[in-house]
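In what follows, a single structure is set out as structure tokens and then discussed.
Letters A, B, ... mirror the listed sequences (proteins, then strands); counts begin at 1.
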Amino acid sequence: MNTVIQFIGENITYFYLIILMIFVGIELIGHVPSVLHTPLMSGANAIHGVVVIGAIIVLGHAESTDYFSLVIGFVGVFVGTLNVIGGFVVTDRMLEMFKKKPKK
Amino acid sequence: MNTVIQFIGENITYFYLIILMIFVGIELIGHVPSVLHTPLMSGANAIHGVVVIGAIIVLGHAESTDYFSLVIGFVGVFVGTLNVIGGFVVTDRMLEMFKKKPKK
Amino acid sequence: MNYLQEIAYLIGSVGFVIGLKMMGTADSARKGNLVAAFGMAVAVLATLFLNETGFHVIGNLGYIMGAIVLGTVVGTLMAKRVQMTAMPEMVSLFNGMGGLAAALISIIEWTHLQHTGETVGLGLFVPIVAGLIIGTVSFIGSMVAWGKLNGKLGDFRFPAQQYINALVLALIFVAAYLTFNGIGSDRMMWFYITMVIAIVYGLLFVFPIGGADMPVVISLLNSFTGVAAACGGFLYDNNVMLMGGVLVGSAGTILTVVMTKAMNRSLTNVLIGMVGSNSNGGGAAAGAGGSVREVQATDVAIMMKYAQKVIIVPGYGLAVAQAQHVCHELELLLENEGVDVKYAIHPVAGRMPGHMNVLLAESSVSYDKLIEMEDINPEFNTTDVVLVVGANDVVNPAAKTDTTSPIYGMPILDVDNAKQIVVLKRSMKSGYAGIDNALFYDPKCGMLFGDAKESISKLVSEVKAL
Amino acid sequence: MNYLQEIAYLIGSVGFVIGLKMMGTADSARKGNLVAAFGMAVAVLATLFLNETGFHVIGNLGYIMGAIVLGTVVGTLMAKRVQMTAMPEMVSLFNGMGGLAAALISIIEWTHLQHTGETVGLGLFVPIVAGLIIGTVSFIGSMVAWGKLNGKLGDFRFPAQQYINALVLALIFVAAYLTFNGIGSDRMMWFYITMVIAIVYGLLFVFPIGGADMPVVISLLNSFTGVAAACGGFLYDNNVMLMGGVLVGSAGTILTVVMTKAMNRSLTNVLIGMVGSNSNGGGAAAGAGGSVREVQATDVAIMMKYAQKVIIVPGYGLAVAQAQHVCHELELLLENEGVDVKYAIHPVAGRMPGHMNVLLAESSVSYDKLIEMEDINPEFNTTDVVLVVGANDVVNPAAKTDTTSPIYGMPILDVDNAKQIVVLKRSMKSGYAGIDNALFYDPKCGMLFGDAKESISKLVSEVKAL
Ligand SMILES: NC(=O)c1ccc[n+]([C@@H]2O[C@H](COP(=O)([O-])OP(=O)(O)OC[C@H]3O[C@@H](n4cnc5c(N)ncnc54)[C@H](OP(=O)(O)O)[C@@H]3O)[C@@H](O)[C@H]2O)c1
Ligand SMILES: NC(=O)c1ccc[n+]([C@@H]2O[C@H](COP(=O)([O-])OP(=O)(O)OC[C@H]3O[C@@H](n4cnc5c(N)ncnc54)[C@H](OP(=O)(O)O)[C@@H]3O)[C@@H](O)[C@H]2O)c1
């Protein structure tokens with residue numbers, strides 16, 4: 001119990017941030033029309049590509065002789081970038097199909 | 001410019017918290033049916049009564065000879081409590097009027 | 001750092017958010033209010049009995065508890081006794097109390113800082129002075145709004161209003177600047193001068209606004225007080241004050257905007273005191289347009305008694321005339337005769353959102369007779385008689401047909417689908433929006449002129465006499 | 001602490017939130033995607049060129065840029081070349097890449113920690129291993145989903161599926177526990193064992209789920225990857241990873257729930273691979289119910305040519321038959337004859353939300369002919385002929401009339417208000433929901449059996465021949 005309290009207390013700001021962001025996520029999606037579900041999924045997919053930043057940090061800090069980290073890190077940045085770029089481009093293409101109709 | 005950057009940087013968590021909470025507030029209210037506007041206003045009114053905590057802190061730390069702080073602090077806690085209690089009770093009374101109708 | 005207190009504050013903040021979310025849906029609204037109140041209780045208890053180092057009872061607990069108990073008793077009594085229709089006044093009053101509390105905190109803190117003679121950085125100064133200014137404006141503004149809704153204060157408009165207000169606002173900033181840069185006792189003086197100008201601003205800000213627009217103003221002042229509370233959060237590095245304050249600041253602002261939209265007003269128009277206000281006085285007489293058929297209570301009574309289905313459309317006029325009780329009487333009488341009677345509730349009928357629900361529930365009309373607009377609209381074409389009691393804009397077909405009308409696009413009650421329409425009002429004057437209503441010239445529509453309460457009383461006795 | 005980097009991360013996070021919000025409304029969706037991309041660009045640039053102390057180019061910039069450029073080129077090419085109808089596959093593939101990146105990060109970090117021999121606290125261990133597990137499951141699961149949508153992998157169901165999956169999940173936790181408590185090189189081994197079990201879990205998790213339910217699964221895995229990214233945020237104390245990850249984790253979960261609701265499925269049913277899947281095979285033959293009127297292409301062609309107004313209702317069958325182009329041809333032909341032709345777009349027609357918009361837009365049907373359900377429903381009673389092409393559930397009146405139907409409550413296209421209905425499908429088999437459709441037995445309804453593309457081609461030549 002005490003460790004849990006201490007853990008929460010020490011990371012209280014993280015808890016605020018996470019909880020608030022969860023609320024934001026829930027509220028943002030709750031009222032979306034169903035035709036937009038696919039592009040929305042795709043857009044969210046691109047956003048979690050932010051994980052590429054972790055891969056960049058890892059690769060950026062790898063020793064120049066640490067081939068394991070260099071190779072895996074390279075692959076990490078590559079696939080992360082695929083996620084980001086592919087995700088945004090594919091979403092854009094989809095949304096092009098949902099262009100605003102001329103007002104009736 | 002630099003001071004602004006420093007100020008934001010030093011208080012970056014505050015900025016996250018405030019911005020996220022603003023998003024939450026906006027999203028929560030955006031889709032509310034208009035019959036509920038009055039009780040909602042009243043409920044929000046009760047919530048900002050949280051300012052009473054500030055008054056409690058002030059009064060709690062006042063020296064026992066510092067009559068100015070004691071008196072003003074007492075008034076502060078009193079009016080703050082009015083805001084909180086009155087706010088919640090009045091909201092409850094209003095919402096009683098919006099009782100769920102029996103299903104058709 | 002005492003973790004328990006921080007966790008309690010987190011629980012409090014989350015309680016506020018979840019409570020407010022639940023308040024946004026009719027079914028869960030009442031529970032939501034309780035959830036928010038629970039969050040508040042947790043936060044207050046944590047402040048009283050925990051401190052930075054652990055369990056610790058706050059100083060001056062006796063005084064604090066005294067003030068809390070006193071506030072609780074007085075607050076509960078006021079909130080329980082107030083008339084349902086006087087709700088906006090009450091909310092306004094309580095809102096003012098919150099603003100006052102924020103201002104008082106700033107006064108004590110500043111006085112304290114002047115005594116210790118510490119140099120005050122911007123990080124400390126800004127929340128103190130912002131709390132003072134916003135709290136004061138909110139306090140004074142709410143009091144004026146309260147007085148206006150009470151009918152104790154009238155409207156008061158002055159020339160070049162916007163410019164004068166902008167000037168006063170600028171003066172506040174100058175005074176605040178001098179408070180920061182002044183030296184010694186001067187800083188205390190400038191502080192009070194800032195406060196006085198804020199008081200003046202509060203008066204000038206709310207006085208010109210029409211009484212009918214008060215719900216909007218109260219909502220706006222509500223979000224001000226939220227910001228003032230958030231300032232307190234900065235001052236004491238107190239997360240629950242910060243989060244609660246910011247939440248109300250943001251939600252309140254949006255609520256204000258949404259509210260004005262639902263009433264087909266713009267916030268700017270409300271703030272500079274345009275239109276709106278003339279609804280109190282009754283507005284201009286109706287413009288050009290066809291002939292009006294006046295009807296007598298006897299005829300209406302016969303019509304209703306032999307109808308199968310009657311829908312009553314209550315509006316602001318019913319509230320002003322306090323005709324809800326006699327209206328309920330009429331309803332019971334007709335039901336006894338075998339007539340199917342319902343009420344059509346338009347969301348912005350009256351002068352505050354939900355006005356009609358509150359009003360009719362008070363006169364113990366049963367809930368399942370109050371039908372919301374979307375649900376009742378398809379029923380009008382099977383209705384024999386619609387009785388429009390002191391409603392005007394909410395049944396104005398211009399909202400659907402006339403793109404140039406200020407209320408164009410507002411959803412309305414489709415009363416013109418009914419077989420017969422009877423409108424109870426005192427004259428041909430317009431309502432809140434100040435516009436003419438083509439419905440009154442509809443051949444199916446008869447006008448029964450007179451105060452709503454008197455007219456309905458007549459109807460009651462005529463129906464009884466038949 | 002370098003403030004600029006923190007501020008850039010804040011901008012990135014806000015960009016994500018605002019972008020996602022804008023993506024929720026059709027009018028602003030495309031801009032929203034750009035806003036989110038902008039946030040991402042800011043965050044990546046800040047990582048490359050700023051560090052804790054100020055402007056500073058990150059190490060191994062050459063390799064990093066190489067990987068980024070390569071990823072950009074490959075990603076863009078793939079995204080640009082993919083067929084519109086293959087979008088879900090593509091999203092699934094990219095999602096898997098994100099999961100893989102998260103897993104790789106964990107592998108490097110853990111290996112690194114084993115080399116330095118530092119003692120690893122829970123605070124470090126949990127994000128690393130959670131990132132590994134969730135990332136791996138997301139990666140493997142997405143690959144399976146991709147294969148299934150591609151048609152390369154079939155469904156695979158095994159007995160006691162739920163229990164086995166629960167067991168494997170438990171094994172992951174055991175392995176993770178041993179990873180934490182093992183000593184020396186054992187910890188590395190247990191780490192890889194954890195990974196292998198996660199791979200197995202990923203396979204078992206997605207394999208049994210029906211191909212038609214894949215959009216739901218992808219959405220779920222999408223939110224998994226979000227959580228994996230958030231773990232990275234903890235690991236590096238990196239706010240933008242944390243915020244972006246949590247946002248997607250939360251929004252993705254809700255999106256999954258909302259999606260299943262729109263399709264009248266429950267998440268549990270999807271996950272244990274129930275129903276749904278039988279739509280691929282065609283489902284059971286129609287149950288009892290009246291007689292069916294079969295019609296010939298010639299009759300339909302005459303009917304349409306001399307109609308004033310025709311509405312085409314496209315469904316999943318149109319997509320499978322790839323009949324969108326010939327359908328557009330028919331539309332142009334009829335328009336030339338002076339017929340008013342429109343498409344009625346149901347939000348969940350097809351196998352992914354928005355499927356029909358994407359499909360018809362691809363075959364260059366003009367946007368103003370695609371009418372959303374709410375807007376077109378009132379038009380059916382003025383319509384002469386409705387052509388239902390490979391749609392079934394979205395025109396099933398049971399959704400309105402039969403409270404026991406699994407699709408009860410789903411809004412449908414009111415095609416039965418039209419004067420004549422023609423349904424193009426291959427047989428009397430049911431659609432995705434696996435239920436019978438009373439519409440087909442409506443006397444106004446004629447069935448034109450056959451593959452949608454072939455049937456429409458026939459119609460085109462018949463109309464031309466007339
Ligand atoms: N509900 C809200 O939240 C809210 C808030 C602010 C503004 N508004 C606005 O207020 C309007 C509400 O529409 P509404 O139809 O309820 O009211 P309305 O359009 O303002 O009309 C009220 C009518 O009642 C009549 N009336 C006044 N006193 C009466 C009495 N003693 N006996 C009989 N009739 C009386 C008036 O005509 P006579 O003078 O001829 O009798 C007037 O035309 C809308 O425009 C809405 O946007 C609403
Ligand atoms: N859009 C989404 O997001 C999504 C995602 C997952 C599930 N769903 C669900 O999918 C359903 C969509 O409804 P829907 O009406 O579009 O489709 P549906 O109800 O699945 O019906 C499709 C019909 O097309 C016919 N068909 C199949 N191949 C054909 C071909 N080559 N030529 C002609 N006809 C063909 C089938 O009948 P025959 O076999 O007799 O030809 C089938 O009855 C809903 O239940 C929805 O909830 C939607």
Got more than 12 heavy atoms from elsewhere within 6.0 Å of [atom1], [X]?
| X | atom1 | value |
| --- | --- | --- |
| D:E374 | CD | yes |
| D:Y63 | OH | no |
| A:E10 | CD | yes |

Find the one option among [options] whose heavy-atom pairs under 4.5 Å with chain D are most numerous.
| options | answer |
| --- | --- |
| A:N11, A:V89, A:I56 | A:I56 |
| A:I72, A:V50, A:L70 | A:V50 |
| A:I57, A:V52, A:D66, A:V24 | A:I57 |
| A:I29, A:V32, A:L17 | A:I29 |
| A:S69, A:G80, A:P33 | A:S69 |
| A:I26, A:V77, A:L82 | A:L82 |

4.5 Å side-chain heavy-atom contact, [X] and [Y]:
| X | Y | value |
| --- | --- | --- |
| D:R30 | A:T91 | no |
| D:V74 | A:F78 | yes |
| D:M23 | A:L36 | no |
| D:V91 | A:M94 | yes |

Check each atom of [X] against the heavy atoms of chain D and say whether the ones under 4.5 Å are side chain, backbone, both or neither.
| X | answer |
| --- | --- |
| A:L20 | neither |
| A:F88 | both |
| A:A46 | backbone |
| A:V84 | side chain |
| A:V75 | both |

Mind ranking [options] by heavy-atom pairs under 4.5 Å with chain A and telling me who comes out on top?
| options | answer |
| --- | --- |
| D:A79, D:A101, D:G75 | D:A79 |
| D:V240, D:L34, D:T76, D:V73 | D:V240 |
| D:I108, D:L48, D:I58 | D:I108 |
| D:L242, D:V82, D:N238, D:V257 | D:V82 |
| D:N95, D:T25, D:L61, D:T47 | D:N95 |

For a quick test of reading the model, state the closest non-hydrogen atom pair linking [X] to [Y] and the distance between them.
| X | Y | result |
| --- | --- | --- |
| D:A229 | A:H48 | CB-O, 3.9 Å |
| D:I68 | A:T81 | O-CG2, 3.4 Å |
| D:G98 | A:V51 | O-CG1, 3.7 Å |
| A:A44 | D:N222 | CB-ND2, 3.6 Å |
| A:V79 | D:M97 | O-CB, 3.4 Å |
| A:V35 | D:P347 | CG1-CA, 4.0 Å |

Between [atom1] of [X] and [atom2] of [Y], what distance do you get to the nearest 0.5 Å?
| X | Y | atom1 | atom2 | answer |
| --- | --- | --- | --- | --- |
| D:I254 | A:H31 | CD1 | NE2 | 10.5 Å |
| A:I47 | D:F16 | CD1 | CZ | 6.0 Å |
| D:T256 | A:H37 | OG1 | NE2 | 10.0 Å |
| A:L40 | D:M259 | CG | CE | 9.0 Å |
| A:S34 | D:K261 | OG | NZ | 12.5 Å |
| A:I85 | D:T72 | CD1 | OG1 | 4.0 Å |

Side chain, backbone, both or neither: which part of [X] has a non-hydrogen atom closer than 4.5 Å to chain A?
| X | value |
| --- | --- |
| D:V69 | neither |
| D:Y236 | side chain |
| D:K80 | both |
| D:L221 | neither |
| D:M352 | both |
| D:T111 | side chain |
| D:T225 | both |
| D:Y9 | side chain |
| D:L122 | neither |
| D:M243 | both |
| D:A262 | side chain |

Would you say [X]'s side chain and [Y]'s backbone share a donor-acceptor pair under 3.5 angstrom?
| X | Y | answer |
| --- | --- | --- |
| D:S250 | A:I22 | yes |
| A:T38 | D:P353 | yes |
| D:N60 | A:L59 | yes |

Please step through side chain to side chain contact (heavy atoms under 4.5 Å, CB included) for the pair A:F68 and D:I107, ending with a clear verdict.
CA-CA 10 Å; A:F68 178 76; D:I107 294 176; 3.9 Å; yes
Is a side-chain donor-acceptor pair under 3.5 Å present for D:D237 with A:Y14?
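Note: A:Y14 and D:D237 side chains meet the donor-acceptor criterion.
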Step by step, would you call A:H61 with D:H112 a side chain to side chain contact (heavy atoms under 4.5 Å, CB included)?
CA-CA 11 Å; A:H61 292 89; D:H112 190 68; over 6 Å; no
